[in-house]
Protein chains: 2
Amino acid sequence: MKVNFNNRDPVYVQVVRHFKEQIATGTLEPGQEIPSRRELANKLKINPNTAQRAYKEMEEAGLIHTERNLPSKITRDEKVLGAVREELIEQAVDSFVTSIRSINVPLDEIVGLLQDKYQKESKE
Amino acid sequence: MKVNFNNRDPVYVQVVRHFKEQIATGTLEPGQEIPSRRELANKLKINPNTAQRAYKEMEEAGLIHTERNLPSKITRDEKVLGAVREELIEQAVDSFVTSIRSINVPLDEIVGLLQDKYQKESKE
DNA sequence: TAAGGTGTATTACTCGATTGATACATATTT
DNA sequence: AAATATGTATCAATCGAGTAATACACCTTA
């Protein structure tokens with residue numbers, strides 16, 4: 001468990017994003033248990049309330065379930081789980097298309113740039 | 001002159017972005033005069049200081065030049081002008097690649113989505 | 001000369017999101 | 001029963017970006 005925090009976005013947003021990525025890539029599986037609020041807070045060196053806020057968002061989005069004091073679990077709802085990946089992708093594509101179109105960049109040029117950068121520079 | 005403001009980003013950032021887009025697409029030409037701070041503020045219904053801040057950013061970036069009280073002008077420095085387009089594109093591509101890669105989306109799938117959306121939905 | 005436009009600097013305020021402190025009920029465990 | 005861990009709710013504090021108020025020097029022009 002490791003999250004590369006940036007200084008722009010709120011911590012709780014980045015935590016949610018991180019879980020969504022884990023779900024989208026299958027690293028987190030349906031029904032899998034996740035750390036408690038306080039445990040997560042310890043690992044990530046963040047305030048427990050911040051962890052709670054992230055979990056609350058995910059709970060409301062139906063991504064996780066919590067019963068009493070038992071460990072929260074990733075939902076088994078395939079529909080919800082599938083939508084996570086689609087949502088992340090659509091969001092990225094939409095925002096990208098908006099940016100690019102306002103500069104009138106030909107599609108060919110874009111695809112070329114993407115191919116260059118996609119596999120490359122996985123490092124840093 | 002019309003800027004579609006959103007509620008996320010600071011106004012002065014959006015103003016700068018707007019000018020950069022105009023430059024990148026050639027709508028604003030080298031040496032062309034731009035409105036005074038107060039005039040722009042009137043048109044866009046924003047505070048004159050906000051306009052000033054946007055112009056200051058552009059001045060520091062070398063995008064515009066200001067002499068005394070004369071109307072500010074778009075720079076004639078071709079190097080700077082060309083870099084604007086490249087910067088906008090690179091920024092968009094980088095951010096997109098980062099998003100997409102963390103979800104492990106195959107490049108083929110991406111290109112398909114892009115082709116669908118790029119020409120489409122110019123409306124809304 | 002007076003008036004009105006310009007760019008610019010300094011300062012203050014606002015305002016809201018984000019984070020943190022604290023408390024409470026429940027459940028489990030020892 | 002006591003202790004500890006859990007989820008949750010409420011409230012307070014912070015804190016900094018963004019915006020605004022104001023003033024000043026300059027120039028042009030009427």
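Chain letters run A, B, ... following the sequence lines, proteins first and then strands; every chain starts at 1. As the structure is a computational prediction, the values presented were derived from the model and not from experiment.
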Query - Donor-acceptor under 3.5 Å (A:E59 side chain, A:T66 main chain) - result: yes
Report task. Please confirm whether the backbone N or O of A:Y118 pairs with a side-chain atom of B:R101, one donor and one acceptor, at under 3.5 Å? Result -> yes
Rounded off to whole Å, could you give me the [atom1]-to-[atom2] distance for the [X] and [N] pair?
X	N	atom1	atom2	value
B:K73	C:dG7	NZ	P	13 Å
B:E39	C:dT6	CD	P	7 Å
A:F5	C:dT18	CZ	C1'	14 Å
B:R38	D:dC26	CZ	C1'	12 Å
A:R37	C:dT19	CZ	P	17 Å
A:L40	D:dG7	CG	P	10 Å
A:N7	D:dC15	CG	C1'	15 Å
B:D9	D:dT19	CG	P	10 Å

Query raised in the report: To the nearest 0.5 Å, what is the distance between CG (B:L28) and CD (B:E21)?
Result: 11.0 Å
Report summary line: Only residue of A:V3, A:L88, A:D9 satisfying side chain to side chain contact (heavy atoms under 4.5 Å, CB included) with A:R17 is A:L88
Report summary line: Only residue of B:L113, B:L107, B:I110 satisfying side chain to side chain contact (heavy atoms under 4.5 Å, CB included) with B:I100 is B:I110
Polar-atom pairs under 3.5 Å, protein N or O versus N or O of nucleotides 26-30 of chain C: list them with distances, or write none.
residue	atom	partner	partner atom	Å
C:dT26	O2	A:N69	ND2	2.6
C:dA27	O4'	A:N69	ND2	3.3

Requested in this report: Can you sort out the partners of B:T27 under side-chain hydrogen bond (donor to acceptor under 3.5 Å, both in side chains), two or more places apart, ordered by chain and number?
Outcome: B:T25
Requested in this report: Using a cut-off of strictly less than 4.0 Å between a heavy atom of the residue and any atom of DNA chain D, enumerate the qualifying residues of residues 47-67 of chain B by number.
Outcome: B:N47, B:N49, B:T50, B:R53
Report summary line: Winner on side-chain proximity to A:P10, out of C:dT19, C:dA23, C:dG7, is C:dT19
**Report entry** B:Y12 side-chain N/O to D:dG18 phosphate OP1/OP2 under 4.0 Å
**Finding:** yes
Query - A:E67 atom CD, over 12 foreign heavy atoms within 6.0 Å - result: no
Report task. Check the pair A:L70 / A:E33 against side chain to side chain contact (heavy atoms under 4.5 Å, CB included), numbers first and verdict last. Result -> CA-CA 9 Å; A:L70 300 178; A:E33 294 184 357; over 6 Å; no
**Report entry** Note, A:E109 side chain near B:I89 side chain (heavy atom, < 4.5 Å)
**Finding:** yes
